[in-house]
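What follows is a set of notes on a single structure, which appears directly below.
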Amino acid sequence: MPRIAITLPDGSQQPVEAGSRPIDIAKAISPRLADQALVAKVNGELYDLTRPIETDATLQILTNHDPQALEVYRHSAAHLLAAAVLELFPETKLGIGPPIENGFYYDFDRPTAFTPEDLEQIEQKMREIRDRDLPYERVVTSKEEGLRKYADAWMKCELIDERAGDTFTEYTLGPHFIDFCRGPHVPSTSKIKAFKLLSIAGAYWKGDERNKQLQRIYGTAFFTQKELDQYLQKLEEAKKRDHRKLGKELDLFSIQDLAGPGLIFFHPKGGTVRRQIEDWMRDQYVRRGYSLVYTPHVARADLWKTSGHYNFYGENMFKRMELDDAEYQLKPKNCPFHILIYRDRQRSYRDLPVRLGELGTVYRYERSGVMHGLLRVRGFTQDDAHIFCAPEQIEDEIVSCLEFAVDTLHTFGFEDYEAELSTWDNGASGKYDGAPEQWKLAEDALAKATSRLNLKVKVMPDEAAFYGPKIDVKLVDAIGRLWQLSTVQFDFTLPRRFGLEYIAEDGKAHQPLMVHRALYGSVERFFGILLEHYAGVFPVWLAPVQAIVLPITDRQLDYARQVRDRLDAAGVRVAVDDRSEKVNLKIREAQLQKIPYMLVVGDREAQSGAVAVRNRKHGDQGARPVDDFLADIRRLIDSKAPSE
RNA sequence: GCUGGCGUAGCUCAGCUGGUAGAGCAUCUGAUUUGUAAUCAGAGGGUCGUGGGUUCAAAUCCCUCCGCCAGCUCCA
């Protein structure tokens with residue numbers, strides 16, 4: 001028997017017989033390791049523990065400490081799901097069943113829909129099969145034989161036809177189940193300790209809506225029950241923070257059936273929060289050298305034809321309206337309007353850069369199934385600005401855009417974020433607009449700007465918009481979710497379409513570079529993200545009501561109103577709960593409304609000119625002179641402190 | 001738009017296999033004047049999302065439309 005050399009992660013080498021299996025080597029190292037082993041990595045490639053190694057190789061045994069092992073583990077759980085479904089509903093056809101970010105799914109084709117009760121039954125069956133301790137076994141099959149074998153499984157045939165070489169691998173699970181699959185898998189079903197099926201959904205075959213719709217079962221699996229429980233708890237937490245729920249509980253906004261879906265009504269309290277968000281942004285625009293403009297909500301179809309939206313974005317626009325003189329359309333974007341302002345007079349290089357900013361409300365037609373609270377709507381307000389500049393100015397402009405974006409994140413309490421730089425394909429496909437020099441200039445400027453700011457950035461090749469490269473900033477919220485937020489995009493197309501120019505030092509007309517940037521993206525969406533990030537507990541500067549005065553009895557009503565007036569005069573958003581109710585009730589309701597400060601006033605406070613301060617997070621803070629409290633809360637408001 | 005689920009009082013929800021509506025909270029009225037998360041009592045309030053159908057009889061069964069939810073597809 002020839003011998004091969006296995007190099008372990010610690011660098012040590014071990015000679016073994018060719019054809020040895022990772023599991024044998026693991027056993028030789030330590031029985032404990034063999035017991036914990038889930039999958040192997042041979043020369044960097046994931047291997048089943050039972051797959052023979054034929055040549056010299058590096059070997060790593062992966063256990064439940066490895067994220068890659070978790071993927072394999074979940075993939076195996078998906079097979080377990082498929083096996084359970086086939087035992088219960090043999091007529092079902094299998095699609096694909098990969099691991100995903102937080103679990104796995106499997107797609108099925110079946111004439112009748114799965115019900116929630118089926119889901120429970122399936123999960124029960126999975127446990128049963130798991131307890132049979134069936135091995136996942138890798139089988140190499142020829143394509144020809146495979147097509148014959150899977151003749152009555154149309155999706156598998158399609159996959160084998162498309163993906164398989166002369167041979168392909170499949171995995172068995174017990175005597176009856178076999179699935180076309182690249183693998184690898186954990187050695188046996190008993191390794192799968194903790195899993196749960198979560199939901200049923202429709203999903204198109206191969207993700208294409210022209211294809212047949214299948215039934216997808218989502219589930220998740222973790223190495224331990226504890227981790228699974230933690231994950232389920234996190235889902236619960238996310239549910240509690242749902243901005244739609246909080247929006248109702250805190251009376252911030254609503255969506256009205258009578259008005260239509262995807263159209264947001266900000267109530268007084270939500271309006272107050274939104275005003276803080278918008279005022280901050282407008283103030284920043286001015287400080288950072290942007291000019292604030294206002295533009296209409298509709299324009300003639302001719303404008304949209306010039307901009308190209310009429311043809312290329314028409315699907316997403318509200319239908320045209322006929323007026324006496326022409327067709328008009330609601331704006332889905334602000335860019336053409338800002339361009340018209342730029343173009344309204346001749347520009348000199350001395351005028352550049354021109355930065356036109358607006359909180360512009362746009363309307364987009366979204367298909368009926370896609371609306372989602374504040375996060376996906378049909379009418380929304382962009383903090384939109386367009387920068388027109390000369391090539392030599394571009395890098396500085398990008399740097400300040402990105403600085404602006406990062407400052408915005410910090411202001412609203414987001415500490416973690418990532419940036420993505422989307423670039424073109426160097427012209428390979430011809431699907432991108434603009435000259436190669438333009439692309440190079442723009443991509444270089446974006447890349448340099450990020451390195452000047454030490455911004456960690458992931459390059460996404462061939463992900464650019466067709467009209468130019470872009471940088472997107474994504475934030476990580478309080479419970480670790482990633483949200484797309486700011487975007488800084490080049491646009492080579494619109495300046496050309498509208499014939500934009502400026503007169504340069506050489507006396508000739510040149511085309512300016514145009515950058516489109518939005519930092520909140522959409523004020524509505526940002527509001528929703530913020531609401532979930534803070535779980536409704538807004539920092540004092542954003543809270544709709546910052547303090548509420550709670551008189552203990554009606555005797556202190558006059559004093560309570562004096563306190564209210566004092567704070568109100570100092571610009572604090574303050575209210576009095578003047579109902580003849582017990583202070584316990586008033587406190588409870590103020591707590592539920594997440595009001596930062598409750599100022600309890602009884603006879604003692606009225607006599608000494610004090611308030612008994614109760615903080616929503618830290619409870620009773622004791623009595624203090626009104627002016628002391630005022631100074632403190634003012635400081636928190638002015639500093640936009642993230643938390644009190 | 002597609003698949004599945006759902007739509008009962010302002011809110012959260014109950015109402016089994018058809019016999020024509022109920023709770024808690026909220027609201028209003030009265031009493032209570034209370035020291036850090038729910039005082040007590042009484043009252044009012046629903047064309048059971050919409051329109052149609054089956055039936056002696058529909059919140060309950062069937063169909064249409066509207067909306068919501070979970071996904072898919074598409075996106076700020």
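Throughout, a chain's letter reflects where its sequence line sits, starting with A, and its residues are numbered from 1.
- Nucleotides B/G52 and B/C13 are separated by 30 Å at their P atoms, to the nearest Å.
- The ring pair (Phe, Tyr, Trp, His ring centres under 6.0 Å) test with A/Trp304 singles out one residue from A/Phe312, A/Phe337, A/Phe318, and that residue is A/Phe337.
- Remark: P of B/A38 and CE of A/Met598 are 13 Å apart, rounded to the nearest angstrom.
- In this structure B/C13 sits in a base pair with B/G22, meeting the Watson-Crick or G-U test at under 3.5 Å.
- Across B/G49 and B/A58, the matching C1' atoms stand 16 Å from one another, rounded to whole Å.
- B/A70 is paired with B/U3 under the criterion used here, namely a Watson-Crick or G-U wobble arrangement in which both key atom distances are under 3.5 Å.
- Contacts of A/Ala612 with the nucleic acid, taken as non-hydrogen atoms under 4.0 Å apart, include base atoms.
- Nearest-nucleotide mapping onto RNA chain B: of A/Val613 and A/Ala113, the residue sitting toward the 5' end is A/Ala113.
- Within the shown strands, nothing qualifies as a pairing partner of B/U36 under the Watson-Crick or G-U definition with both distances less than 3.5 Å.
- To the nearest whole angstrom, the two C1' atoms, one in B/C68 and one in B/G30, are 40 Å apart.
- Using the six-membered ring where Trp is involved, A/Tyr520 and A/Phe412 have ring planes that are perpendicular, over 60° apart on the 30 and 60° scheme.
- Ring geometry, A/Phe388 versus A/His386: the interplanar angle falls from 30° to 60°, so the pair is classed tilted.
- Residue A/Arg555 contributes atom CZ, which lies 7 Å from atom C1' of B/U33 at whole-angstrom precision.
- Side-chain N/O atoms of A/Tyr310 and A/Gln329 include no donor and acceptor closer than 3.5 Å.
- Judged purely by distance below 3.5 Å, without hydrogens or angles, the side chains of A/Glu358 and A/Thr295 pair a donor atom with an acceptor atom.
- Annotation: B/C66 and B/A21 have their C1' atoms spaced 24 Å apart (nearest Å).
- Rounded to an integer number of Å, the gap from CG of A/Asn584 to C1' of B/U33 is 13 Å.
- Computed from coordinates, the A/Lys617 NZ to B/A37 P distance equals 18 Å when rounded to whole Å.
- Residue-to-nucleotide contacts include no donor-acceptor pair under 3.5 Å from the side chain of A/Glu315 to the base of B/G1.
- Comparing the C1' positions of B/U8 and B/C48 gives an interatomic distance of 4 Å, to the nearest angstrom.
- Side chains of A/Asp462 and A/Trp424: a donor-acceptor N/O pair is absent below 3.5 angstrom, by distance only.
- Here the side chain of A/Tyr365 is nearest to one of B/A37, B/G1, B/U34, namely B/G1.
- Counting any heavy atom pair closer than 4.0 Å across all strands shown, A/Leu585 reaches sugar-phosphate atoms only and no base atom.
- To the nearest angstrom, P of B/A37 lies 16 Å from NZ of A/Lys594.
- At a cut-off of 3.5 angstrom, counting only N and O atoms as typed in the model, there is a donor on one side and an acceptor on the other between the side-chain of A/Ser580 and the base of B/U33.
- Look at B/C61: its Watson-Crick or wobble partner, with both distances under 3.5 angstrom, is B/G53.
- In the model, A/Lys331 has no side-chain atom that pairs as donor or acceptor with a side-chain atom of A/Thr361 under 3.5 Å.
- Residue A/Val600 is classed as a base contact, given a heavy-atom separation below 4.0 Å to a base.
- In a base pair of the Watson-Crick type (N1 to N3 plus N6-O4 or O6-N4) or a G-U wobble (N1-O2 and O6-N3), with each distance short of 3.5 Å, B/A43 is matched with B/U27.
- Taking atom P in both B/G71 and B/U39, the straight-line distance is 39 Å, to the nearest Å.
- Taking the six-membered ring for Trp and the full ring otherwise, the centers of A/Phe629 and A/Tyr597 sit less than 6.0 Å from each other.
- Rounded to an integer number of Å, the gap from CD of A/Gln593 to P of B/A37 is 17 Å.
- Between A/Leu258 atom CG and B/U50 atom P there is a gap of 14 Å when expressed in whole angstrom units.
- Base contact: A/Glu605 has a heavy atom under 4.0 Å from a base atom.
- B/U33 and B/C40 are spaced 15 Å apart, taking the P atom of each and rounding to whole Å.
- If you check distances only, the side chain of A/Asp554 does reach the base of B/U33 with a donor-acceptor pair under 3.5 Å.
- For the pair A/Lys248 and B/U12, the criterion of a side-chain N or O lying under 4.0 Å from OP1 or OP2 is met.
- Between the P atoms of B/G19 and B/C62, the separation comes to 16 Å (whole Å).
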Assess the residue pair A/Phe527 and A/Phe266 against the criterion (ring-ring contact (aromatic ring centres under 6.0 Å, His included)); give the C-alpha distance rounded to whole Å, side-chain angles, the decisive distance to 0.1 Å, and a yes or no. CA-CA 11 Å; A/Phe527 187 104; A/Phe266 280 86; 5.1 Å; yes

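- For B/A37, its base sits under 3.5 Å from the side chain of A/Arg614 at one donor and acceptor pair at least.
- Partner of A/Tyr559 under the side chain to side chain contact (heavy atoms under 4.5 Å, CB included) criterion, chosen from A/Asp603, A/Val549, A/Val626: A/Val626.
- Across the protein-nucleic acid pair, A/Glu581 atom CD and B/U29 atom C1' stand 13 Å apart, rounded to whole Å.
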Under 4.0 Å protein heavy-atom contacts per nucleotide of nucleotides 68-76 of chain B, with B for base, S for backbone only and - for none: SSSBBBBBB

